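One structure is given below, encoded as structure tokens.
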Amino acid sequence: MTPEIEFMRNHWWWRPGWSVGRRFYTWHLTFEGQADVHRLAAEYRAGLAPLGEALTPIPDRWLHLTMQGIGFVGEAKEDDVRAIVAAAGQRLAEVPAFDVEIGPAVLDPEAILLHVHPDGPVRTVRDAIRAAIGDVLDEVPEKAEGFTPHVSVAYSAGDGPATPVAQALDGLDLAPAQARISSAELIVLHRDNQMYEWESFAAVPLG
């Protein structure tokens with residue numbers, strides 16, 4: 001792998017609106033009970049361990065595929081959030097469950113990403129969620145375009161050259177993971193501990 005990226009940057013800078021203690025309503029695909037996804041993530045954690053504190057590896061519990069935000073707790077009305085869940089339940093009932101392949105890794109300036117194939121069904125789920133939000137709110141947050149389905153296995157924990165990370169990835173030849181996507185989850189997310197952690201608000205099954 002020849003890196004097009006020369007430098008890594010710290011993923012954990014505080015983005016606008018975020019601070020310790022803030023919580024955010026957002027839709028994710030999560031991977032509880034997905035043994036093959038956990039297998040692949042563990043193999044990457046082991047392979048990248050020599051890089052030490054340059055990376056923040058993601059434990060199995062917090063592996064996720066970011067889908068679509070709604071808004072910060074205290075700004076988004078909980079009644080609206082519950083109405084969005086109900087609307088999403090109707091729309092996602094029309095979307096069949098599906099299988100995806102996750103991996104291999106791609107280097108990003110702030111993360112090591114695993115792309116998801118095929119990405120069409122994931123985009124269909126996101127479109128349905130965005131439509132459900134539009135059923136309730138006058139404006140759907142975040143842009144429809146620019147979405148690339150991926151699962152991060154590690155985040156960059158500092159600024160520095162990308163070459164050591166790229167070389168570590170070059171030394172890994174790992175089989176992609178197979179996953180079954182049968183629901184979407186609305187979570188209440190925070191990043192107080194330099195990790196994306198959450199509580200589940202609602203899990204909505206696919207058809």
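In this text the structure is predicted, and so the values were computed from the model without any measurement.
A heavy-atom distance below 4.5 Å is found between the side chains of Y44 and L172. A heavy-atom distance below 4.5 Å is found between the side chains of L137 and I84. Between V122 and I181 the shortest side-chain heavy-atom distance does not fall below 4.5 Å.
Taking the six-membered ring for Trp and the full ring otherwise, W198 and H64 have centroids separated by under 6.0 Å.
A distance of 5.0 Å separates CD1 of I70 from CG of L186, quoted to the nearest 0.5 Å. R191 CZ to M195 CE: the interatomic distance, rounded to the nearest 0.5 Å, is 11.0 Å. Taking OH from Y155 and CG from L55, the interatomic distance works out to 12.0 Å, rounded to the nearest 0.5 Å. Put simply, NE2 on H117 and CD1 on I102 are 9.5 Å apart, with the number rounded to the nearest 0.5 Å. Between E185 atom CD and L65 atom CG the span is 12.5 Å, to the nearest 0.5 Å. Rounding to the nearest 0.5 Å places OH of Y196 at 10.5 Å from OG1 of T56.
Smallest separation of non-hydrogen atoms from V100 and V116: CB-CG1, 3.7 Å. When all heavy atoms of Q34 and A179 are compared, the pair lying nearest together is OE1-CA, 3.6 Å. Residues I58 and S152 share a closest heavy-atom pair of CG1-O, 3.8 Å. In terms of heavy-atom proximity, P118 sits nearest to P121 at O-CD, 3.7 Å. What you find for A166 and L107 is that their closest heavy atoms are CB-CD2, 4.0 Å. Residue A88 comes nearest to A132 through the heavy atom pair N-CB, 3.5 Å, listed as atom of the first residue, atom of the second, then distance.
In terms of modelled atom types and a separation under 3.5 Å, the side chain of R61 and the main chain of E197 share no donor-acceptor contact. For the pair R126 (side chain) and M67 (backbone), a donor-acceptor distance under 3.5 Å is present. Side chain of E101 to main chain of Q178: no donor-acceptor pair is present (N/O by atom type, distance under 3.5 Å, no hydrogens or angles). Y25 places no side-chain N or O within 3.5 Å of a backbone atom of L189 that could act as its donor or acceptor partner. D192 places a side-chain N or O within donor-acceptor distance of the main-chain N or O of G21, the cut-off being under 3.5 Å. With hydrogens and angles disregarded, no donor-acceptor distance shorter than 3.5 Å links the side chain of H190 to the backbone of S19. In this structure, the side chain of S156 engages the main chain of G158 through a donor-acceptor pair within 3.5 Å. Although no hydrogens or angles enter the test, the distance criterion places no donor-acceptor pair under 3.5 Å between the side chain of D119 and the main chain of P149.
Between R9 and D108 there is no salt bridge, since no side-chain N of the basic residue sits under 4.0 Å from a carboxylate O of the acidic one. The residues R15 and E110 are annotated as salt-bridged, a charged nitrogen and a carboxylate oxygen being separated by less than 4.0 angstrom. With respect to R39 and D36, a salt bridge is recorded, a charged nitrogen being found less than 4.0 Å from a carboxylate O.
The list of side chain to side chain donor-acceptor pair (under 3.5 Å) pairs with a residue in residues 91-100, not counting sequence neighbours, reads R91-D135, D99-R180. For residues 69-89, the pairs satisfying side chain to side chain donor-acceptor pair (under 3.5 Å) are R22-E75, E78-R82, with sequence neighbours left out.
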**Request:** Take I187 and F201, measure what side-chain contact (heavy atoms from CB on, under 4.5 Å) needs, and give me the verdict at the end.
**Result:** CA-CA 5 Å; I187 62 175; F201 188 90; over 6 Å; no
**Item:** Verdict with supporting geometry, L174 and L40, side-chain contact (heavy atoms from CB on, under 4.5 Å)
**Value:** CA-CA 7 Å; L174 305 178; L40 182 59; 3.8 Å; yes
**Verdict with reasoning, L48 to L169, per side-chain contact (heavy atoms from CB on, under 4.5 Å)** = CA-CA 8 Å; L48 297 169; L169 290 176; 4.0 Å; yes
**Message:** Pair Q68, T26 - check side-chain contact (heavy atoms from CB on, under 4.5 Å), show working.
**Reply:** CA-CA 6 Å; Q68 171 66 44; T26 185; 5.8 Å; no
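At a threshold of 4.5 Å between side-chain heavy atoms, the hydrophobic network of Ile, Leu, Val, Met, Phe, Trp and Tyr places L51 and F7 in two separate groups. Taken together through direct or relayed side-chain contacts under 4.5 Å among Ile, Leu, Val, Met, Phe, Trp and Tyr, V20 and W62 form part of one hydrophobic cluster. Linking ILVMFWY side-chain heavy atoms closer than 4.5 Å, directly or via other members, places V81 and V73 in a single hydrophobic cluster. Residues L113 and I5 fall into different hydrophobic clusters, defined by Ile, Leu, Val, Met, Phe, Trp and Tyr side chains chained together at heavy-atom separations under 4.5 Å. There is a path of hydrophobic side-chain contacts, each under 4.5 Å, that joins W27 to V136.
For E32, the side chain to side chain donor-acceptor pair (under 3.5 Å) test picks out no residue, with sequence neighbours left out.
A cation-pi arrangement is absent between R123 and F147, since the terminal nitrogen or guanidinium carbon is not both under 6.0 Å from the aromatic centre and inside a 45° cone about the axis.
Using the six-membered ring where Trp is involved, W18 and F24 have ring planes that are tilted, between 30° and 60° apart.
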